[in-house]
**Student:** 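Below is one structure. I have some questions about it.
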Amino acid sequence: MEQIIAKDLYFTYDKQTPALKGVNFTVQKGEYVAIIGHNGSGKSTLARLLNGLLTPTLGTITVDGIVVGDKKTLFEVRKRVGVVFQNPDNQMVASIVEDEVAFGPENLGVPRKEIKERIDFALSAVGMQDFKRATPSRLSGGQKQRIAIAGVLALKPDVLVLDEATAMLDPQGRKEVLSTVQKLNKEQGVTVVAITHYMEEVTKADRVIVLSDGEMVFTGTPKEIFLKQKELKNLGLEVPLAVYIAQKLKEQGVEIDGDVLTQSDLAEALCKL
Amino acid sequence: MQIVSKDLVYTYSEKAKALAFRALDGVTLTIPEGEFFGIIGQTGSGKSTFVQHLNGLIPTKEGNGQLLVGEFDLTDKNTNLKELRKKVGMVFQYPEYQLFAETVFEDVAFGLKNFYPDLPQVDVEDRVKQAITTVGLDYDKIKEKSPFELSGGQKRRVAIAGVIVSRPEVLVLDEPVAGLDPVGKREFARLLKTLHATFVKTVVIVSHDMDFVAEYCSSVAVFSKGKVVKVGTPKQVFEDRVGMREMGLDIPVTEYLKDALKEKGVILDCDLSVESFTKAVAEKFAKNKGETDL
C-alpha cells in the first residue's frame, strides 16, 4: 500500500532559488527508505514537508491519503508522522527527561497509565532508561539525541522520519538506535524515512532516494545505487568505505568476488582469496 | 602551547545534590604542541566537558585538579581568559547555530574585533577575507549575505572562519564532521591539514568517526566515564580490540578487515590508512602485474 505520495513537490524559501524542484516519489507502508544527497540538496526541506512543518510551494504530499500542509489536517498528520531532527537542543522542551518523552503523547491525550508504559518503552528502546529523572540540558549531545528519538518513539508514529538523527551518536549508540529503528520497522511495520550521510546506514534500507540540487536523481536498492560510483561522486557523494576499498582493491588487481556493500561482505570476500 | 591536565574533576550541578553529575573524574592527559590530537569515547564520557575547559568556558575550580594550557594556568583565578581565548579557538558541535550577525562579514569579524579592538579596518578586512577564502568560500560573493541564507555546510564554514580569523595556536573542534556529507568531510579534513600546516600549531578534535581519526590523527585519547583510559597513536589505541568493544567504540574499517584476514592466517603489514591497507592486500593477493596490465 502506498502510504506517502509526493507529487511534483516544489519548495522555495526565499522566492528565488527553489530548495525542491518537482520531486515525485512514493513510500510503501512498512518500507525503509533512505534519502541521501550532498549538503544543500533539499533533504532536510523534504523532512519538514513530510509532517507539515513546511507547506509545499507547489505540488502535494499525502500520508495515508491525508493531505499534508493543510491546517485542518495537521493534527492527524502529526499523529502519524514523527520527525527526529539533527540537533537535539532545538527540540527539547521539558526540564526532566521523563516529561520530555511524555510531552508528545500528553498532547495527543493518551491516558496516563499508557503514557507511563510508553515512556518506559521509548527510553529503553534508546538505552536511556536510567536517565528518567535526569535534566536534558545536563546530558551530553549524544544522550540528548537519544532522548529526542525517545520522545518521538513515544508517539508510536506510523511513519518515522529521521533527519540525520544519529549524527551525534557514538558508533555503539548509532548501532543501538539503528537496530531499534530496524526492529520497529520489521516487527511493528513502522515506515521509516531516514535522511543520512552515513553510507553504512543506507545499506540497511530497502530503497534509496538520491537528491541533488532539489531534484530526485536516482532511486533504487542500496546495491543498485552503490554500483554507480562515478555518478555518486559527481553528485558529491561517496560510496560506503567498504565499497570504496573493494573498488580500490579491484583496481590493483585483487579479485573481489560478489557484491560488496558492507564491511562484513568485504571481509568475507577477502577471506575467500 | 602544550596542554597538561592533571586529575581534572568537574561536576555539573554540584550544589543541587540530586542533580549532581560528575562528568570529569580525574582527567590526566598531556597534549604536546604540534599534535593532531583525537579524542574519542562514548556519548557522556566527558569529551565535550573536557574540551570546554581548554579555553576556560568551564572554569577549573581550586581543588579540582590542574590544567595548564601553554603559559596559562587555568586553576589560577587571575588568568587572563581573553588572552587565552585569542590563542585557543573553539568550534562547537553544530557551529552553524552560533551565527548571529547580519552579514557574513560581520559574523566572521566579530571575534577578531573583540580580541583586537585597535586593529585598523583595512587589516580586519584583510584577515576576514583570508579566513573566508581559507574555508573555501568566495569572499566577494558571500560577504554581504545574511548567514541565515546559507546552506548548512556553508554556515559551518562561516562559523569556522569566525574562529580561525583570530589565528589561534590551538584549534579545538567538537564533532566537526557530524552531519557533513562524505565529500564535505574530506574537504574539511583537508582544511584542517592546511590550517595545521600554517598558524594552527595544535589541533584537538573530538570525533565519533573512527575512520576519520585513524586516517588523520597523530595521537588519540580514549575517554570513558570521565577518565582518560588510553592514549597513543591510532594504531596503538585501536589495537586493543577488547577494550574498544567494551567501551562501545568501533574500530576503523581497515582494522576490522585486518582482523578477518588474521583469522584466516593472513597477517598484513600496514598502517591504518586505506591506501596502505589496499597496497598490502594487493601485494599479497593481486594477480601477477603483467597479467593485469594486459
Side-chain angles (χ1 to χ4, degrees), chain A residues 13-14 19 36-41 44 86-87 89-90 131 133-135 138-146 164 167-176 197-200 232-233 235-242 244-245 248-249 251-255 263-264 266-268 270-273, chain B residues 12-13 18-19 21 23 40-49 93-94 97 149 151-154 156 174-175 178-186 208-211 247-250 252-254 256-257 259-261 263-264 266 274-275 277-279 281-282 284-289 291-292:
Chain A
Y13 283 100
D14 57 1
I36 59 175
H38 58 83
N39 292 117
S41 61
S44 294
Q86 227 175 62
N87 187 347
D89 284 327
N90 293 355
F131 291 81
R133 308 290 300 166
T135 308
R138 294 294 194 202
L139 297 177
S140 77
Q143 288 171 328
K144 275 190 254 187
Q145 203 162 27
R146 293 191 202 197
E164 294 279 352
M168 299 288 299
L169 296 178
D170 55 68
Q172 191 65 37
R174 184 174 317 132
K175 260 182 225 158
E176 281 166 25
H197 285 314
Y198 288 97
M199 295 302 163
E200 274 69 27
L232 284 178
K233 214 163 213 157
L235 294 171
L237 291 169
E238 261 170 46
V239 296
L241 194 53
Y244 174 79
I245 293 176
K248 279 268 161 228
L249 287 173
E251 278 168 20
Q252 292 177 46
V254 181
E255 285 185 344
Q263 57 176 18
S264 60
L266 181 54
E268 213 173 286
L270 283 176
C271 287
K272 279 193 221 145
L273 289 172
Chain B
Y12 284 103
S13 316
L19 296 171
F21 173 66
I40 59 176
Q42 267 192 298
T43 50
S45 59
K47 307 180 298 293
S48 299
T49 307
Q93 292 175 353
Y94 292 105
Y97 292 100
E149 284 172 37
S151 80
Q154 289 173 321
R156 191 172 291 202
D174 195 352
E175 285 284 355
L180 280 189
D181 61 36
V183 168
K185 216 183 264 184
R186 195 138 37 107
H208 287 315
D209 193 317
M210 299 304 154
D211 297 309
M247 276 174 292
L249 297 173
D250 264 350
V253 174
T254 49
Y256 172 86
L257 295 171
D259 279 1
L261 284 169
E263 255 175 54
K264 288 270 296 177
V266 181
V274 168
E275 209 188 344
F277 174 80
T278 51
K279 206 175 135 217
V281 174
K284 275 232 161 38
F285 295 111
K287 292 232 166 148
N288 178 319
K289 267 270 168 195
E291 256 175 69
T292 48

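In the text below, chain A, chain B and the rest are named by the order of the sequence lines, each starting its count at 1. What's counted below: heavy atoms across the whole structure, side chains too, no hydrogens, waters or symmetry copies.
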**Student:** Among residues at least two apart in sequence or on other chains, which ones pass side-chain contact (heavy atoms from CB on, under 4.5 Å) with B:Asp211?
**Tutor:**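 A:Leu241, B:Asp209, B:Pro252, B:Val253.
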**Student:** At their closest point, which heavy atom of B:Ala260 faces which heavy atom of A:Ala267, and how far apart are they?
**Tutor:**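 Where B:Ala260 meets A:Ala267 most closely, the heavy atoms are CB-CB, 3.5 Å.
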**Student:** If I compare all heavy atoms of B:Ala286 with all of A:Gln252, which pair ends up nearest, and what's the gap?
**Tutor:**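 Of all heavy-atom pairs spanning B:Ala286 and A:Gln252, the closest is CB-O, 3.2 Å.
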**Student:** Could you pull out all residues at least two apart from B:Tyr97 that satisfy side chain to side chain donor-acceptor pair (under 3.5 Å)?
**Tutor:**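 B:Tyr97 satisfies side chain to side chain donor-acceptor pair (under 3.5 Å) with no other residue.
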**Student:** Decide yes or no for B:Thr43 and A:Arg146: does some side-chain heavy atom of the first lie under 4.5 Å from some side-chain heavy atom of the second?
**Tutor:**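 A side-chain contact exists here, since the closest heavy-atom pair is under 4.5 Å.
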**Student:** Is it the case that atom CD in B:Glu275 sees more than 12 heavy atoms from other parts of the structure closer than 6.0 Å?
**Tutor:**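 No, the 6.0 Å shell around CD holds no more than 12 heavy atoms from other groups.
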**Student:** Are A:Ile245 and B:Thr254 side-chain neighbours, meaning at least one heavy-atom pair lies under 4.5 Å?
**Tutor:**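 A:Ile245 vs B:Thr254: side chains touch.
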**Student:** So which part of B:Met247 gets closer than 4.5 Å to some heavy atom of chain A, the side chain, the backbone, both or neither?
**Tutor:**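 Neither; nothing under 4.5 Å.
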**Student:** Does any heavy atom of chain B fall under 4.5 Å from the side chain of A:Ser264, the backbone, both, or neither of them?
**Tutor:**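 Answer is both: backbone and side chain atoms of A:Ser264 are under 4.5 Å from chain B.
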**Student:** Under 4.5 Å heavy-atom distance to chain A, tell me which part of B:Ser13 shows up: side chain, backbone, both or neither.
**Tutor:**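 B:Ser13 touches chain A through backbone and side-chain heavy atoms alike.
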**Student:** Under a 3.5 Å distance rule, please check whether A:Lys248 uses its side chain to pair with a backbone N or O of B:Thr278 as donor and acceptor.
**Tutor:**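 Judged by distance alone, no pair lies under 3.5 Å.
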**Student:** Please flag which part of A:Tyr244 lies under 4.5 Å from any non-hydrogen atom of chain B: side chain, backbone, both or neither.
**Tutor:**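 It is the side chain, since no backbone atom gets that close.
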**Student:** When rounded to the nearest 0.5 angstrom, what is the spacing between CG in A:Leu270 and NZ in B:Lys264?
**Tutor:**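 That separation rounds to 10.5 Å.
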**Student:** Are B:Asp250 and A:Lys175 close enough for a salt bridge, meaning some N to O gap below 4.0 Å?
**Tutor:**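 Salt bridge between B:Asp250 and A:Lys175, a charged N being under 4.0 Å from a carboxylate O: yes.
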**Student:** Closest approach of A:Gln263 and B:Tyr256, non-hydrogen atoms and distance?
**Tutor:**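 Heavy atoms of A:Gln263 and B:Tyr256 come nearest at O-CE2, 3.3 Å.
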**Student:** Between A:Lys233 and chain B, with a heavy-atom cut-off of 4.5 Å, which part of the residue counts as in contact: side chain, backbone, both or neither?
**Tutor:**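 Side chain only.
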**Student:** Select one option (side chain, backbone, both, neither) describing which atoms of B:Gln93 are under 4.5 Å from chain A's heavy atoms.
**Tutor:**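 Only the side chain of B:Gln93 comes within 4.5 Å of chain A.
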